Amino acid sequence: MNIDEGVNTINGGVLYAIITLPLGLLIGYFIRKYIAEARIQSAEEEAVKILEDAERNARSKKKEITLEAKEEAHRLREEANRESQKRRDELQKLENRLMHREENLDRKSDQLERKEQSIRDREKNIISNEQEIRELKESHLRTLEEISSFSQSEAKEYLLRKVESELDHEFAKMVKEKETKAKEEADKKAKEIVSLAIQRCAADHVTETTVSVVSLPSDDMKGRIIGREGRNIRTLESLTGIDLIIDDTPEAVVISGFDPIRREIARIALEKLIIDGRIHPARIEEMVEKAKDELDQHIKEIGEQATFDTGVHGLDSQLVKLLGRLKFRTSYGQNVLQHSLEVSYLSGIMAAELGADVNLAKRGGLLHDIGKAIDHEVEGPHVKIGVDTARKYGETEKIIHTIEAHHGDVEYHSVEAVLVAAADAISAARPGARKETLESYIKRLKELEDIGESFEGVAKAYAIQAGREIRVIVEPEKINDLKASKMSRDITKKIEDNLDYPGQIKVVIIRETRVVDYAK
């Protein structure tokens, strides 16, 4: 029963489903159709609304664009007006400037015309004045001819004769000056040769370079030095080659000799004998030998010290000894070793400044007067002796050339040779180096400048070339060329009358005219 009921129930459900399914499909179809139509209607309404909004927006945009276009056009029109006004202003300024320039040109043209007229008037006046000047000149010439009783040609001839006479006088004066100069140069050279001969050959020179003084403890020592019948003094003089002067000078003995080395040996030996107290011929001979050895060692030490001070190394030992001997040699009162050291220092400094060989310059400067160490023993000038000595002891040709050329006897082949020659002249010519003292040197220069400045129209006077030249600068508005020539002769005459000087003094008158202007 239950099974049948269940089957019936199933069948009923199936039947219900079969009936309701088409009905549901039909109802669904109509519902979908209604919904679709509603959606289509709603979409159409939305489209209409959108179109209306688009038309409103388009009309609004059109108005905005139209308004902006009108504003832009107005702005462009304003800018064009401003630019046009600016151009009109610039054209107006340019027109005003051109008108002003045209007015200036007109004024300048008028001025030029007036100047041209003035120049034409001046030319006429000049021509008229020239005519008057010619007439006055001719009148004056006629008057002069009447007063002097000379025609123009006769006056010219007279003047020529007078000028010729003056020239003859000046020429004769010049010849006399040249003769005087030649005599002075000859005297100067002769004195130099004699002085060198005195220094080298033992002729009488100045006291301080030919004698030495030995102090004694008492005057009783003089008798012991003389010895019995003078044997002690004769022994000392014969061994050393010098002269002992024993006079009334209290407690002193004078050693006189022209060879400074021998004089130094005698001094050392005599001082040793005085200290020892035993003075007899045998002891004298012993002390002289000891003095020689001691002096030889001292000379070597002096030479080594000189090479050390100048930084010149590698010299032969004999050259070192010869350098030491220069300490006992003088030239015109100047110690030759000190002079050689000065020349070495100066040569090295100048070589360093010029980028030359410093060692070569210093070595050449130190050895340039080496010949003076033995020039009293060897014949010939000290330059040749120095060249031979340097070559003998292995110095290079460059060093030998600096020695050979330091007095300008040969042509210079190197910068270092020129520097050594210049340093030699500087060391010898500096104030106080030789005879003339610094005070007298400065006094002579001052007197020379005072003479130059004592003349009217002189702006300044300078003594140069160690007092061998004076340059006088004159005021050009007060002193013309003719007066300058006369002034040079007047200054020369005053110098000759008031000063004592060696050689000659050159007088130079400088007259300078400067004209300054500025381009604007």
Side-chain angles (χ1 to χ4, degrees), residues 1-123 349 351-358 415 514-520:
M1 186 67 179
N2 290 332
I3 296 170
D4 293 333
E5 289 177 359
V7 170
N8 294 329
T9 302
I10 293 170
N11 292 329
V14 169
L15 180 62
Y16 178 77
I18 293 170
I19 295 170
T20 58
L21 180 60
L23 183 61
L25 292 172
L26 183 61
I27 293 169
Y29 169 75
F30 284 109
I31 290 171
R32 285 196 299 275
K33 182 177 180 183
Y34 176 78
I35 291 171
E37 289 176 355
R39 286 180 177 176
I40 290 169
Q41 186 177 358
S42 176
E44 288 177 352
E45 292 175 356
E46 184 70 22
V48 172
K49 185 178 179 181
I50 289 171
L51 288 173
E52 291 175 354
D53 291 340
E55 287 178 358
R56 284 195 300 272
N57 290 334
R59 285 192 297 272
S60 177
K61 289 289 183 180
K62 182 178 179 181
K63 290 179 180 179
E64 290 177 0
I65 291 171
T66 303
L67 183 61
E68 289 178 357
K70 289 180 179 179
E71 291 177 353
E72 182 67 18
H74 180 71
R75 184 180 63 79
L76 292 175
R77 189 179 298 108
E78 291 293 330
E79 289 182 357
N81 290 335
R82 286 195 297 271
E83 185 69 22
S84 177
Q85 185 62 37
K86 182 178 178 182
R87 294 291 178 86
R88 284 194 297 270
D89 293 341
E90 290 178 354
L91 289 173
Q92 185 63 38
K93 289 180 180 179
L94 182 59
E95 184 178 357
N96 293 336
R97 191 181 303 169
L98 290 174
M99 291 177 64
H100 183 67
R101 185 171 295 180
E102 186 176 357
E103 291 175 356
N104 289 336
L105 290 174
D106 291 340
R107 284 196 298 271
K108 289 183 179 180
S109 177
D110 295 338
Q111 292 175 358
L112 288 174
E113 289 179 359
R114 288 194 295 271
K115 286 183 179 180
E116 288 178 357
Q117 183 62 38
S118 175
I119 290 170
R120 286 193 293 269
D121 295 340
R122 288 183 182 179
E123 288 178 351
I349 292 170
E353 292 292 331
L354 295 174
D357 191 333
V358 176
V415 175
R514 294 188 182 184
V515 179
V516 181
D517 200 355
Y518 296 94
K520 298 178 182 179

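Note that the coordinates shown come from a computational prediction; the quantities given were computed from them, not determined experimentally.
One finds the NZ atom of Lys93 at 14.0 Å from the CG atom of Leu98 (value rounded to the nearest 0.5 Å). Ser84 contributes atom OG, which lies 12.5 Å from atom NZ of Lys86 (distance to the nearest 0.5 angstrom). Separating the CG atom in Leu91 from the CG atom in Asn96 is a distance of 11.0 Å, to the nearest 0.5 Å.
Scanning for side-chain contact (heavy atoms from CB on, under 4.5 Å) contacts around Glu55 gives Arg59, with sequence neighbours left out. Shown here are the salt bridge (Lys or Arg N to Asp or Glu O under 4.0 Å) partners of Arg97, two or more places apart in sequence or in another chain: there are none. Scored by the side-chain hydrogen bond (donor to acceptor under 3.5 Å, both in side chains) test, Asp110 finds no partners at all (sequence neighbours excluded). Listed by chain and residue number, nothing satisfies the side-chain hydrogen bond (donor to acceptor under 3.5 Å, both in side chains) test with Arg114 (two or more places apart in sequence, or in another chain). For the salt bridge (Lys or Arg N to Asp or Glu O under 4.0 Å) test, no residue two or more places apart in sequence or in another chain qualifies with Glu95. Residues passing the side-chain contact (heavy atoms from CB on, under 4.5 Å) test with Glu64 are Ser60, Lys61, sequence neighbours excluded. The side-chain contact (heavy atoms from CB on, under 4.5 Å) check on Glu52 picks up Val48, Arg56, with sequence neighbours excluded. Contacts of Asn57 classified as side-chain hydrogen bond (donor to acceptor under 3.5 Å, both in side chains), with partners at least two apart in sequence or in another chain: none. The side-chain hydrogen bond (donor to acceptor under 3.5 Å, both in side chains) check on Ser42 picks up nothing, with sequence neighbours excluded. By the side-chain contact (heavy atoms from CB on, under 4.5 Å) test, Glu123 pairs with Ile119, sequence neighbours left out.
Heavy-atom neighbours of Arg87 CZ from other residues, nucleotides or ligands within 6.0 Å: at or below the threshold of 12.
The minimum heavy-atom distance linking Val358 with Ala351 is given by the pair CA-CB, 4.0 Å.
Sorted by first and then second residue, the side chain to side chain donor-acceptor pair (under 3.5 Å) pairs involving residues 67-82 (not counting sequence neighbours) are Glu72-Arg75, Arg75-Glu79.
With Thr66 contributing its side chain and Lys62 its backbone, the two residues share a donor-acceptor pair below 3.5 Å.
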